[in-house]
Chemist: 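Quick one: this structure, given as structure tokens, is what I'll be asking you about.
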Amino acid sequence: MRRRTFAAAAAASVLGLPALAQDFNWRGQDGRTVTLLLNNHPWSQAMRELAAEFTARTGIRTRIEIFNEEQFRARLTTLMQGRSAEVDVFMSLPSREGAVFKRAGWYTDLAPLIADRRLTAPDFNYEDFGAGMRQQATIDGLVATLPINQEGPLFYWRRDIFQRCNIPEPRFLEDIPEAAARIRACDANQGVWAARGLRGAVNYGMSGFVFNLGGSYATADGKPGLCNPATIRGIEMYANLLKDYGPPGALNHTFTQVIELLGQGRIAMTHESSNEFANIMRFPGRAQDLGVRVLPPGRETGISKPLVIGWGLAVSAHSRQKEAAWLFLQWATSTEVQTRLVQNGVAPPRASVFQGPAFNAWANEMPIRRAWAEALIEIGRTGTGVYQSPTDRVPEARDIIGNAMQQIVLGRASARDAVCAADPELARLQ
Amino acid sequence: MVVGARRVTRLLDAVQLGMVVLVLVAPVAWMVLSAFKPRTEVAALPPRLVFTPTLENFAELFQRTDFLENTVNSLIVAGGSTALGLLLAFPAAFAMSWHRMTWPATATLFARMAPGTLFLLPWLMMFTALGLVGSHLALILTHAVITLPVAIWVLLPYFDALPREIIESAEIDGCRQHQTLLRVALPMVAPGVVVAAILCFVFSWNYFLFALVLSGFDSKTAIVASFNFIGEGVTNWGALMAAATVIALPPLILTLIIQRRLVGGLSAGAVKG
């Protein structure tokens with residue numbers, strides 16, 4: 001019987017009979033349950049609400065576990081190291097951990113799944129994701145994740161305070177310290193500046209300063225190299241803003257503290273994540289008095305090189321139900337779902353959504369939304385996802401660079417000494 | 001002169017007491033008040049002491065999340081590991097005291113002092129092989145590493161203080177070992193058992209690391225779930241403070257109910273002879 005079936009299937013495949021060809025079917029994994037491990041993020045919160053629709057379409061139930069980023073990573077890495085099949089789908093930031101996770105064998109290569117017509121919806125259109133996002137998600141030829149958002153640090157400033165103090169909107173990076181000094185002189189009770197000071201988080205906010213002043217974290221031959229005048233100037237500018245105009249305890253601050261300060265109107269400027277936009281808009285008054293744009297370019301260099309990164313969804317290499325997990329990835333990153341996620345402040349990585357009517361209608365409702373959307377388009381076009389010295393050990397490299405910045409704020413070393421001292425440490429990570 | 005010195009001493013005592021109260025009570029007061037504040041006022045500086053209280057944070061906690069189930073999970077795990085810890089620690093502490101063996105107690109203390117991460121991976125692999133990852137049982141067993149040493153060390157001085165003659169008399173009167181333990185020793189060290197139970201419960205209730213990795217969707221504890229309120233673009237201080245208030249309640253209530261016995265118990269084994 002089995003032999004007869006095999007023979008029929010073989011004949012059908014040779015003859016290309018359509019009757020036996022298996023088409024894509026959303027309900028192909030009906031009855032399964034996939035477990036998702038997610039970082040606490042606007043995307044994840046929205047997914048909690050939307051997941052029932054995925055179940056309705058596919059018959060696959062979801063179990064969503066959401067943790068604060070630090071705890072999320074602790075749980076994920078321990079489970080993966082233990083080769084546990086507890087998690088089927090997990091969020092990942094390929095620009096940060098991609099190389100290490102890939103080497104550890106934790107990602108399922110999505111390329112064969114994308115190419116499989118039996119498993120992938122005909123309207124999936126992988127090329128609709130921005131080229132930069134696809135590039136970040138691909139590590140040495142392995143497609144590790146599907147992008148779920150795009151984000152990067154943006155310059156937020158209080159337009160009302162600038163107007164009250166008669167200060168023009170900063171056109172160049174060098175205008176920011178000048179504006180800070182004028183705000184301090186204009187209103188001594190007004191907080192001026194806040195930004196990430198926590199060692200491992202510093203690079204995200206600081207790298208735009210380094211790049212726009214012409215600096216970089218690598219030498220021309222691709223070796224770690226911070227000890228050059230432009231990089232030192234960028235790190236020093238960021239450190240001095242924190243030291244001279246930052247809030248008390250700034251070196252322990254990351255986005256949570258910075259956004260609270262901005263939302264409550266206690267600071268006039270910051271350089272923080274585009275992701276926080278929806279959160280900031282919840283604070284009374286901020287939708288009216290805040291401005292947002294890409295960090296201004298360097299005056300002399302004319303360079304504007306912002307950061308752009310994106311979280312992605314990966315299928316665990318240890319999952320026992322990869323096909324069901326892959327269906328979830330397709331649904332969660334579909335045009336339909338991404339269009340709806342815009343309402344939650346999630347910037348869509350699909351070009352068709354970003355340029356689509358729903359997103360434009362939403363953005364045009366308020367000037368600040370339009371400004372935010374335009375800033376995102378710009379960072380999507382000009383941004384980079386690499387903001388540390390060349391290494392696979394990304395978090396460690398960011399720690400070392402962040403530490404150099406902290407030494408300047410603490411006054412323990414001159415800018416030059418602190419930055420140049422980081423180079424030998426970074427070289428050891430290669 | 002003496003009266004003046006006394007006044008100064010009293011004043012210094014009051015200042016010292018005030019400082020201690022400020023350090024200990026202020027964060028708790030801030031937590032409880034914040035739990036009843038509207039979301040936008042939680043982190044306002046200077047803190048607003050006059051505000052219109054709201055239950056919206058608690059409503060969000062229990063209506064939009066599984067925090068009630070998480071709290072029940074915490075009760076199961078803390079209760080189970082406390083019971084298991086006491087069940088093992090009671091005869092163990094008795095035997096250690098009776099035979100004057102200190103090394104087993106020291107060994108359990110070393111296990112308690114070791115960083116939790118040391119156990120995580122082996123346990124994960126072990127429980128995965130047994131199919132227990134994500135179960136309450138896995139958490140109860142792992143939390144016994146925390147409760148067992150605590151219970152042994154709390155009970156040891158109580159057993160040391162027991163007159164050996166009483167135990168010997170019970171044996172002469174025909175009691176078997178387990179009868180001696182349950183009918184004679186247990187009533188005499190009951191205050192110690194209460195103290196040990198409370199401490200075990202509180203330590204297990206607040207322990208985060210094992211539950212973070214070894215719990216599953218249906219066994220996530222409240223302390224782990226509370227971290228869900230901190231996140232990128234979504235930090236919800238109000239709900240976090242409401243969660244912290246709920247988490248603080250069971251140990252607080254437990255301690256208040258048996259406070260008198262707790263204080264008596266803590267000092268009972270302090271002086272021997």
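Below, chain A is the first sequence line, B the second, and so on; all start at residue 1.
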Chemist: Would you mind checking which part of A/E49 comes under 4.5 Å of any heavy atom in chain B, side chain (CB onward), backbone (N, CA, C, O), both or neither?
Modeler: side chain
Chemist: Once you round to the nearest 0.5 Å, how far does CD of A/E260 lie from CD1 of A/I267?
Modeler: 11.0 Å
Chemist: Quick check on B/L209 against chain A: is it the side chain, the backbone, both or neither that has a heavy atom closer than 4.5 Å?
Modeler: neither
Chemist: Specify which of B/F208, B/F217, B/F227 makes the most heavy-atom pairs with chain A at under 4.5 Å.
Modeler: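 Answer, by heavy-atom pair count under 4.5 Å with chain A: B/F217.
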Chemist: Are A/Y156 and A/R286 linked by a side-chain donor-acceptor pair shorter than 3.5 Å?
Modeler: no
Chemist: Who wins among B/L212, B/T128, B/L124 for the most heavy-atom pairs under 4.5 Å with chain A?
Modeler: B/L212
Chemist: Measuring from atom OG1 of B/T108 to atom CD1 of B/I152, what distance do you get when rounded to the nearest 0.5 angstrom?
Modeler: 4.0 Å
Chemist: At a heavy-atom separation under 4.5 Å, does A/E86 approach chain B through its side chain, its backbone, both, or neither?
Modeler: side chain
Chemist: Distance from A/L341 atom CG to A/Q45 atom CD, nearest 0.5 Å?
Modeler: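 Rounded to the nearest 0.5 Å, the CG-CD separation comes to 12.0 Å.
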Chemist: Please step through salt bridge (charged side-chain N to carboxylate O under 4.0 Å, His left out) for the pair A/E70 and A/R75, ending with a clear verdict.
Modeler: CA-CA 9 Å; A/E70 216 171 297; A/R75 179 163 167 82; over 6 Å; no
Chemist: Under 4.5 Å from any heavy atom of chain B, what part of A/I64 do you find: side chain, backbone, both or neither?
Modeler: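 Contact with chain B involves the backbone of A/I64 alone.
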Chemist: Quick check on B/D66 against chain A: is it the side chain, the backbone, both or neither that has a heavy atom closer than 4.5 Å?
Modeler: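 Neither the backbone nor the side chain of B/D66 comes within 4.5 Å of chain A.
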Chemist: Is A/L79 close to chain B through its backbone or its side chain, or both, or neither, when contacts mean heavy atoms under 4.5 Å?
Modeler: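 Both parts, heavy atoms under 4.5 Å.
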Chemist: Is a salt bridge present between B/K220 and B/E69, judged by a nitrogen-to-oxygen distance below 4.0 Å?
Modeler: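 The answer is no: the pair does not qualify as a salt bridge.
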Chemist: So how far is it from B/L68 CG to B/Q63 CD, rounded to the nearest 0.5 Å?
Modeler: 11.5 Å
Chemist: For the interface with chain A, which of B/D218, B/V133, B/L214 has the highest count of heavy-atom pairs at distances below 4.5 Å?
Modeler: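 Looking at each option in turn, the highest pair count goes to B/V133.
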